[in-house]
Amino acid sequence: MTRKKTLKAFEPGHGFSKQDWDEVSDTPELTAADVAQARPFAEAFPDLMDSIKRARGRPKVASPKEAVTLRLAPETIARFKSQGGKDWRAKMSEALDKASGR
């Protein structure tokens with residue numbers, strides 16, 4: 001991980017204005033004692049953390065589909081690809097559901 005250089009003077013183009021720089025430029029640097037007293041965000045602001053916490057990945061579904069490995073004839077795959085376009089797998093799933101009486 002590369003560290004960004006600490007700016008000693010205002011330089012435009014970093015996402016903040018000269019006014020922003022001037023307002024926080026007198027903030028003292030953290031000491032080792034300050035760092036030792038620091039608490040994790042979730043511990044310091046539990047209500048705020050709960051309000052912004054979000055799940056990662058796709059939403060959970062009641063009946064998720066299962067991934068399977070299936071060996072099919074190349075002609076069968078070619079037929080579904082030619083008829084279904086990008087969603088040929090969904091078309092194949094529908095055909096299997098129909099054939100199984102679902």
Side-chain angles (χ1 to χ4, degrees):
M1 176 184 221
T2 57
R3 293 186 63 153
K4 292 184 178 182
K5 68 175 186 168
T6 302
L7 298 177
K8 301 296 181 189
F10 174 76
E11 294 176 9
H14 290 281
F16 48 85
S17 67
K18 173 80 166 105
Q19 181 182 357
D20 294 335
W21 175 269
D22 291 341
E23 286 179 13
V24 298
S25 63
D26 62 343
T27 304
E29 292 211 17
L30 293 176
T31 64
D34 293 331
V35 174
Q37 289 180 336
R39 295 183 302 165
F41 179 82
E43 184 183 311
F45 304 100
D47 296 335
L48 184 57
M49 182 64 181
D50 289 341
S51 72
I52 62 173
K53 189 184 285 187
R54 61 180 176 187
R56 296 182 183 263
R58 295 183 64 139
K60 302 291 182 202
V61 293
S63 179
K65 295 182 178 182
E66 289 186 43
V68 298
T69 301
L70 181 64
R71 298 174 86 65
L72 298 170
E75 299 83 20
T76 304
I77 295 172
R79 191 171 343 117
F80 275 96
K81 281 184 177 181
S82 68
Q83 294 172 357
K86 283 186 171 184
D87 62 344
W88 66 272
R89 290 174 182 88
K91 301 281 187 192
M92 186 178 281
S93 178
E94 290 171 12
L96 289 168
D97 285 345
K98 186 176 178 181
S100 68
R102 216 177 126 203

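The structure presented is a predicted model; accordingly, all values stated were derived computationally and were not measured.
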| task | Kindly state each residue pair satisfying ring-ring contact (aromatic ring centres under 6.0 Å, His included) with at least one member in residues 69-102, sequence neighbours excluded. | result | none
Without placing hydrogens or testing angles, list every side-chain donor-acceptor pair under 3.5 Å for residues 29-37, not counting sequence neighbours.
{"residue": "T31", "atom": "OG1", "partner": "A33", "partner atom": "N", "Å": "3.4"}
{"residue": "T31", "atom": "OG1", "partner": "D34", "partner atom": "N", "Å": "3.1"}
{"residue": "T31", "atom": "OG1", "partner": "D34", "partner atom": "OD2", "Å": "3.2"}
{"residue": "D34", "atom": "OD2", "partner": "T31", "partner atom": "N", "Å": "3.1"}

| field | Set of residues satisfying salt bridge (charged side-chain N to carboxylate O under 4.0 Å, His left out) with respect to D97, sequence neighbours excluded | value | R102
| Could you state the interatomic distance from CE (M92) to NZ (K81), rounded to the nearest 0.5 Å? | 9.5 Å
| task | Please name all residues satisfying salt bridge (charged side-chain N to carboxylate O under 4.0 Å, His left out) with K18, sequence neighbours left out, ordered by chain then number. | result | D22
| field | Contacts of R39 that satisfy side chain to side chain contact (heavy atoms under 4.5 Å, CB included) - sequence neighbours left out | value | E43, A44
| query | Which residue pairs satisfy the ring-ring contact (aromatic ring centres under 6.0 Å, His included) criterion with at least one member in residues 44-64, sequence neighbours excluded? | reply | F41-F45
| message | For R89, give me all partners under side chain to side chain contact (heavy atoms under 4.5 Å, CB included), at least two apart in sequence or on another chain. | response | none
| said: Using side-chain heavy atoms (C-beta onward) and a distance below 4.5 Å, is P64 in contact with V61? | reply: yes
| Roughly how far, to the nearest 0.5 Å, is the CG atom of L72 from the CZ atom of R79? | 10.0 Å
| field | Partners passing side-chain hydrogen bond (donor to acceptor under 3.5 Å, both in side chains) against D47 (at least two apart in sequence or in another chain) | value | none
| When clusters are formed from ILVMFWY side-chain contacts under 4.5 Å, directly or step by step, what else is grouped with V24? | none
| request: Tell me, please, which residues at least two apart from S51 pass side chain to side chain contact (heavy atoms under 4.5 Å, CB included). | output: L48
| said: Count I, L, V, M, F, W, Y as connected when their side-chain heavy atoms are under 4.5 Å apart, and connections chain through other members. Are L70 and I77 then in the same cluster? | reply: yes
| Which pairs count as ring-ring contact (aromatic ring centres under 6.0 Å, His included) when at least one residue sits in residues 53-73, sequence neighbours excluded? | none
| task | Tell me, please, which residues at least two apart from Q19 pass side chain to side chain contact (heavy atoms under 4.5 Å, CB included). | result | S17, E23
